[in-house]
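Only one structure is covered here, and it is reproduced in the block below.
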Protein chains: 2
Amino acid sequence: MEPRLRIGELARRAQCQAETIRFYEREGLLPAPERTGGNYRLYAREHVERLAFIRNCRALDMTLDEIRQLLQFRDDLPRNRCAAAHALLDEHVAHVAARIAELQKLELQLKALRSQCQPTRTKRACGILDGLTHGDAPGARRPAAHVRGTHRS
Amino acid sequence: MEPRLRIGELARRAQCQAETIRFYEREGLLPAPERTGGNYRLYAREHVERLAFIRNCRALDMTLDEIRQLLQFRDDLPRNRCAAAHALLDEHVAHVAARIAELQKLELQLKALRSQCQPTRTKRACGILDGLTHGDAPGARRPAAHVRGTHRS
DNA sequence: TGAAAACCCTGAAGTTACTTTAAGGTCAAG
DNA sequence: CTTGACCTTAAAGTAACTTCAGGGTTTTCA
């Protein structure tokens, strides 16, 4: 009554790819499981839970480093781990809030830029292209450390 | 009266690093400038403007691919470039808006998770750590294509 | 004049969190 | 006994740079 899973089944349950699981193993987030005679990985309940933890954290956009720390707290004595988890989460919430504020500013800037060129405008110039050449887009939006941008592969 | 700049001075004006400028050259965003006898790059006004354009676009969180397209529009005949720029910008605005919505959902989830563990709680368990283990954080927040997350180096 | 400081050069590797590719072994079914 | 689904590894690719290693050039100022 504790059926061990192969990587594909584990991947299905965790909603990720088998490669991602191997990657977590290489990164030390997930311990190496036993192997079958044919060298297949065999995962037990503990792995399933730990992977769920990791994927939940990733769904909350934490970095692997943040997750590594949380896992440490979880593995440690119950002593101060609650306070530590609290602090890490607070920090992460702050990152997310900061990034939202940044993007909202960005949205305004983009809409302003867009309005600089209506389809019916002077013949030669495009207000958008010109706006981007001359500093109409306010310079120096240094991205907050630890906060990624708008795009993803 | 057209003083050519060396890379360091150009970098200072554009608020970026010299390495970034060389990188844009390798990427084909910025044409290779002339060189001095000592093999130093010498930039003219056209480069200054083009780099400003690029940095403004980056400040608006566009990808280098988007910027490459905008530069094409700019270099092309004035024919349809305005409409093209319009379309690209609209798409980009949509990306940003989508990312904002995602992050706002995330913020709510994080705050809910945080509230699961108050400093004064049962001794053994941490509500946050437990919440992350069991799917309290809603699964399957597949990040929208073309939209990066919360963190940056 | 001479040497240190400031500036520039190239090419390669590192960053994040994976994904993709290549080349191949294992296992159940038909 | 072979086809197909599944698994293995190592290496390279992604975005937009940054950092590093190792070395030239130019300027400054003692």
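Chain letters run A, B, ... following the sequence lines, proteins first, then strands; residues in each count from 1.
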Asp65(A) CG to dT16(C) P, straight-line distance once rounded to whole Å
7 Å
At a heavy-atom distance below 4.0 Å, what parts of residues 37-45 of chain B sit against DNA chain D?
Gly38(B), Tyr40(B)
side-chain hydrogen bond (donor to acceptor under 3.5 Å, both in side chains) partners for Tyr43(A), two or more places apart:
none
At under 4.0 Å, does any side-chain N or O of Arg12(B) touch on OP1 or OP2 of dC7(C)?
no
Distance-only donor-acceptor hits, side chain of residues 27-35 of chain A, under 3.5 Å, sequence neighbours excluded:
| residue | atom | partner | partner atom | Å |
| --- | --- | --- | --- | --- |
| Glu34(A) | OE2 | Arg4(A) | NH1 | 2.2 |
| Arg35(A) | NH1 | Asn39(A) | O | 3.1 |
| Arg35(A) | NH1 | Asn39(A) | OD1 | 3.2 |

Short side-chain to backbone donor-acceptor contact, Arg68(A) and Gln72(A), under 3.5 Å
no
Contact summary for Asp75(A) and Arg50(A), nearest pair of heavy atoms
OD2-NH2, 3.2 Å
Please report the distance, rounded to the nearest Å, between CD in Glu66(B) and P in dA16(D).
9 Å
Contacts of Arg6(B) that satisfy salt bridge (Lys or Arg N to Asp or Glu O under 4.0 Å) - sequence neighbours left out
none
Could you check how far CZ of Arg6(A) sits from P of dT8(D), rounded to whole Å?
9 Å
Within this structure, what is the CG-to-P distance between Leu10(A) and dC7(D), rounded to whole angstrom?
10 Å
Applying the 4.5 Å side-chain criterion to the ILVMFWY set and letting contacts propagate, would Phe53(B) and Leu5(B) be lumped into a single cluster?
yes
Answer yes or no: does a side-chain N or O of Arg55(B) lie under 4.0 Å from OP1 or OP2 of dC17(D)?
yes
Length of the line joining Ile67(B):CD1 and dC17(D):C1', which is rounded to integer Å
12 Å
Just how far, in rounded Å, is P of dA5(D) from CD1 of Ile7(A)?
19 Å
Nucleotide dC17(D), atom P - distance to CG of Asp61(B) in whole Å:
10 Å
Sorted by chain and residue number, the side-chain contact (heavy atoms from CB on, under 4.5 Å) partners of Ala97(B) (sequence neighbours excluded) come out as Glu107(A)
dC6(D) C1' sits how many Å from Arg4(A) CZ, rounded?
20 Å
Taking the side chain from His92(A) and the backbone from Glu66(A), do they hold a donor-acceptor pair closer than 3.5 Å?
no
Contact list for DNA chain C against residues 20-34 of chain B - heavy-atom distance below 4.0 Å:
Arg22(B)
Using a cut-off of less than 4.0 Å, is there contact between a side-chain N or O of Arg58(B) and OP1 or OP2 of dC17(D)?
yes
Want to settle it: does Leu64(B) or Thr36(B) sit nearer the 5' end of DNA chain D, counting the closest nucleotide to each?
Leu64(B)
I need the minimum non-hydrogen distance between Ala18(A) and Ala11(A), along with the two atoms involved.
N-CB, 3.7 Å
Among dT19(D), dC18(C), dC17(D), which nucleotide sits nearest the side chain of Gln17(B)?
dT19(D)
